Protein chains: 2
Amino acid sequence: MTLHDSPKHNHKHCVNTALAMAQQLCLERGVQLTPIRYQVLELIWASHKAVKAYELLEQVKPLQMAAKPPTIYRALEFLSEQGLIHRVESLNAFIGCRCSNAPHEQLLLICKNCQEVEERTAPKVMQALSEEFNDAGFIVHSKAIEIHGLCSQCAVQL
Amino acid sequence: MTLHDSPKHNHKHCVNTALAMAQQLCLERGVQLTPIRYQVLELIWASHKAVKAYELLEQVKPLQMAAKPPTIYRALEFLSEQGLIHRVESLNAFIGCRCSNAPHEQLLLICKNCQEVEERTAPKVMQALSEEFNDAGFIVHSKAIEIHGLCSQCAVQL
DNA sequence: ATAGTGAATGTTACAGTATAACAAATGAGA
DNA sequence: TCTCATTTGTTATACTGTAACATTCACTAT
């Protein structure tokens with residue numbers, strides 16, 4: 001049982017909320033959440049595990065017969081630009097983001113056992129980071145903070 | 001001019017120190033810094049930019065005629081295990097590490113302009129991170145903290 | 001109406017990254 | 001010398017991502 005399989009987590013509700021918010025945001029921004037893009041987002045939200053592009057491709061094919069790698073990568077690029085998903089650099093994979101309505105720094109906790117990825121905002125970490133790169137005279141454009149280990153659920157089981 | 005091209009930075013000395021330390025560490029640990037591994041490490045230290053595996057392959061070929069992808073990836077795996085290099089996840093590339101004698105958390109500042117990568121230990125950030133994942137009940141195995149932006153040199157030039 | 005425009009998707013081909021699996025060589029100790 | 005573990009050679013292939021051009025579609029200015 002993983003963190004998000006737990007009885008406390010109503011995943012259907014979790015997904016519906018994320019998808020509804022995505023639609024709302026795209027509407028507000030005047031960008032198109034087309035069927036392909038929506039399907040990819042839905043597939044990413046199917047679990048809280050990071051999903052690989054070619055896994056998505058296989059899953060999309062029954063829905064979009066013409067799907068080829070660019071189909072997926074374009075959808076991923078769009079979703080990423082809109083802040084609806086994050087790329088997990090250390091896994092070459094993608095996860096859904098539920099904080100898309102506010103710009104935010106991402107910090108990802110990646111469980112080696114159940115493969116689930118939890119996003120946290122971690123203001124204190126970001127504050128410490130700001131001080132660190134100000135010292136270095138470094139001007140930040142983007143951050144990727146990825147922590148690998150065991151999530152609380154898996155930690156107690158192993 | 002990049003940060004490490006500056007007159008203040010004696011790169012030959014910088015490399016020699018890193019290579020000497022690598023040899024010393026491998027000796028102490030009873031592991032073999034073979035010619036191939038040494039050459040790859042030397043090539044990585046040729047600059048402070050992150051180097052890609054296939055770039056290394058091209059550069060190693062004159063020295064190791066039989067070099068093929070596994071040649072490089074095995075050397076990279078060894079060097080990485082020994083803490084002599086770090087993988088930059090967001091670039092699919094590698095940089096030398098000068099802090100190999102002490103276990104340390106890595107925080108990488110990656111300049112988009114000159115491509116140089118600076119490693120910092122950032123104890124305050126790591127402290128804040130500890131608190132963050134303790135709150136989450138998360139047991140950390142490894143961290144990848146990669147900040148993209150402009151280094152101090154490039155920031156003033158642009 | 002329709003021709004032009006821009007966004008999105010289709011399609012082909014390929015570039016770039018990484019590893020599996022097995023063979024051969026090397027070197028140190030029984 | 002034999003044996004075992006480590007390292008390297010070799011072949012093949014899997015996985016990840018993009019370039020470039022064609023087509024479709026919806027909108028809108030004429």
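This one's a predicted model, so the numbers in the text were calculated from it and none came from an experiment. To find a chain, count down the sequence lines: A is the first, B the second, and so on, and within it residues start at 1.
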Under 3.5 Å, is there a donor on one side chain and an acceptor on the other for A/Arg37 and A/Gln32? no
Phosphate contact (C/dA18 OP1 or OP2) by B/Tyr73 side-chain N/O below 4.0 Å: yes
Looking at A/Lys124 and B/Glu132, is there a salt bridge between them, counting it only when a charged N and a carboxylate O are closer than 4.0 Å? no
Of the listed nucleotides (C/dC22, C/dT17, C/dT9), which one gets closest to any side-chain atom of B/Arg74? C/dC22
Is the phosphate of C/dA7, meaning OP1 or OP2, less than 4.0 Å from a side-chain N or O of A/Gln32? no
Between B/Lys61 and B/Lys68, is there a donor-acceptor pair closer than 3.5 Å when you use the side chain of the first and the backbone of the second? no
Take atom CD of A/Gln64 and atom P of C/dT9, then tell me their distance rounded to the nearest Å. 8 Å
Position toward the 5' end of DNA chain D (nearest nucleotide), B/Val31 or A/Arg87: B/Val31
Using only modelled atom types and a 3.5 angstrom limit, is any donor from either the side chain of B/Tyr54 or the base of C/dA18 paired with an acceptor on the other? yes
Check: A/Lys49 and A/Val117 side chains under 4.5 Å, non-hydrogen atoms: no
Check: B/His9 side chain, B/Cys14 main-chain N or O, donor-acceptor pair, under 3.5 Å: no
Using only heavy-atom distances, determine whether the side chains of A/Gln59 and A/Glu55 contain a donor-acceptor pair under 3.5 Å. no
When you list every nucleotide of DNA chain D with an atom under 4.0 Å from a heavy atom of chain B, which one comes first 5' to 3', and which comes last? D/dT6 to D/dT11
Distance, rounded to the nearest Å, where B/Glu89 contributes CD and C/dA18 contributes C1': 13 Å
Paired with A/Glu119, the side-chain hydrogen bond (donor to acceptor under 3.5 Å, both in side chains) test is passed by just one of A/His86, A/Gln106, A/His48, namely A/His86
Please give, in whole Å, the distance from C/dT17 C1' to B/Leu56 CG? 13 Å
Indicate whether the side chain of A/Gln24 and that of A/Glu28 have a donor and an acceptor atom separated by less than 3.5 Å. yes
Which of residues 33-43 of chain B sit near DNA chain C, with a heavy atom under 4.0 Å from it? none
Rounding to an integer number of Å, can you tell me how far B/Glu58 CD sits from C/dG16 C1'? 12 Å
May I have the distance from A/Lys68 (atom NZ) to C/dC14 (atom C1'), rounded to whole angstrom? 15 Å
With hydrophobic residues grouped by side-chain heavy-atom distances under 4.5 Å, do B/Tyr54 and B/Ile44 end up in a single group? yes
B/Leu91 CG to C/dA18 P: how many Å, rounded? 11 Å
